[in-house]
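Scroll down for the structure; my scribbles are underneath it.
In this text, all values refer to a predicted model and were calculated from it rather than measured experimentally. Naming: A, B, ... by sequence-line order, numbering from 1 per chain.
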Protein chains: 2
Amino acid sequence: MVNQAESILKSSALSITSSRKKILDVFLSASTALAHQDIEKLADQYDRVTIYRTLQTFLDRGIIHTIPTTDNTIKYALCSDDCISSGHHHDNHVHFLCDQCGRTLCLDDVMIPAITLPNGYSMKEINMVVNGICKLCRA
Amino acid sequence: MVNQAESILKSSALSITSSRKKILDVFLSASTALAHQDIEKLADQYDRVTIYRTLQTFLDRGIIHTIPTTDNTIKYALCSDDCISSGHHHDNHVHFLCDQCGRTLCLDDVMIPAITLPNGYSMKEINMVVNGICKLCRA
DNA sequence: AGTATTTTGCAACAAAGTTGCATTCTACAG
DNA sequence: CTGTAGAATGCAACTTTGTTGCAAAATACT
């Protein structure tokens, strides 16, 4: 079996480098969305600048997406398959930000409900972020 | 008629200072949510630190609220009357971020629909942000 | 007006993000 | 398999953003 990170890079027509593979592996083995800082720690053999540039590349190709948070940190998460394959990026599930452990989770089963915008507005992307206490912290 | 900024400060039991009045005036005359940077420019006679501290004070008192955005900037907006008066802060309308002019608008008429979280999760706050093109940019 | 308390501005610092450029690596042709 | 063009990386320097301590100034209240 081919390395999963490599096949993602190949299907995005990106050259295969060790930093890209490492950063993808970090995402693949993470259960939550990651801040830049998390990635820096988990891939600390690479330069800060490289991580910035790699994340930007992945964003451009739609390999990852950002999740807006109330605490002024951007979190990054891998796009799910259908989100990548649909050509035009859409990320239609709710994100959950735990106030206790700080983790950001994709609630893949909770769809964002449709809303009606006032006349004259057009929608390109929609984000729904819930703050609260997650399953693990309550247990 | 008493100055609107002063009456807001009085009802929040804050002392009346020129910087607080100025920053409130900036919000009152703005039609959109503002980033820290915007406020710095519009109230440039005051120190950066004062603006940070004043915004924090206003947040603590529920005079303003933050809007998470996908571009890693925090935007601030005045709370509407019912959002202030309800004691416990809740900001239940949708926010709109225009990709063209960059403005962030409160869509006061569009309520955030209710969602059901998976078992074990508790909700404290919910945010819904729509990206797209606003009324003015389409016109 | 006088004074306790709060707020402000300054300076210094810490953290986050960006840019230019020389070096290294990857993909690919031959 | 080797050479090479183009892409990616690391480093250094820098800008921007946010924080903290403290002395000076302003506010609220007697």
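If you measure from atom CZ of B/R53 to atom P of D/dG21, you get 11 Å, rounded to the nearest angstrom. Rounded to whole angstrom, the span from the CD atom of B/Q56 across to the C1' atom of D/dT20 amounts to 14 Å. What separates CZ of A/R20 from P of D/dA7 is a distance of 11 Å, to the nearest Å.
The side chain to side chain donor-acceptor pair (under 3.5 Å) search around B/Q37 returns none, not counting sequence neighbours. Every residue two or more places apart in sequence or in another chain was checked for a salt bridge (charged side-chain N to carboxylate O under 4.0 Å, His left out) with B/D47, and none qualifies. With sequence neighbours left out, the side chain to side chain donor-acceptor pair (under 3.5 Å) criterion links B/T73 to B/T69, B/D71. With sequence neighbours excluded, no residue forms a side chain to side chain contact (heavy atoms under 4.5 Å, CB included) with B/S11. Taking A/D60 as the reference, A/Q56 meet the side chain to side chain donor-acceptor pair (under 3.5 Å) condition, with sequence neighbours excluded. Taking the salt bridge (charged side-chain N to carboxylate O under 4.0 Å, His left out) definition, one finds that B/K21 meets it with B/E6, sequence neighbours left out.
Remark: B/Y46, B/D47, B/V49 in residues 32-49 of chain B come within less than 4.0 Å of DNA chain C through at least one heavy atom.
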So which protein nitrogen or oxygen atoms get under 3.5 Å of nucleotides 28-30 of chain D's nitrogens or oxygens?
residue	atom	partner	partner atom	Å
D/dA28	OP1	B/I16	N	2.8

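To the nearest 0.5 Å, atom CG of residue A/L117 and atom CG of residue B/L107 are 6.5 Å apart.
The two residues B/I67 and B/A33 come nearest to each other via the heavy atoms CD1-CB, 3.6 Å. Taking each heavy atom of A/L34 and A/A30 in turn, the nearest pair found is CD1-CB, 3.9 Å. Across every non-hydrogen atom of A/L78 and A/H65, the tightest pair is O-CE1, 3.6 Å.
Applying the ring pair (Phe, Tyr, Trp, His ring centres under 6.0 Å) test to every pair with at least one member in residues 8-53 of chain A, sequence neighbours left out, gives these pairs: A/H36-A/Y52. Pairs passing the ring pair (Phe, Tyr, Trp, His ring centres under 6.0 Å) check and including a residue from residues 96-138 of chain B, sequence neighbours excluded, read A/F96-B/Y121, A/Y121-B/F96.
Listed for the A/R20 side chain is no donor-acceptor partner under 3.5 Å among the backbone atoms of A/T54.
Computed from C1' positions of five pairs at each end, the angle between the two local axes of the helix from C/dA1-D/dT30 to C/dG30-D/dC1 equals 30°, rounded to 10 degrees.
When DNA chain C is scanned 5' to 3' for any atom under 4.0 Å from a heavy atom of chain A, the first and last hits are C/dA16 to C/dA27.
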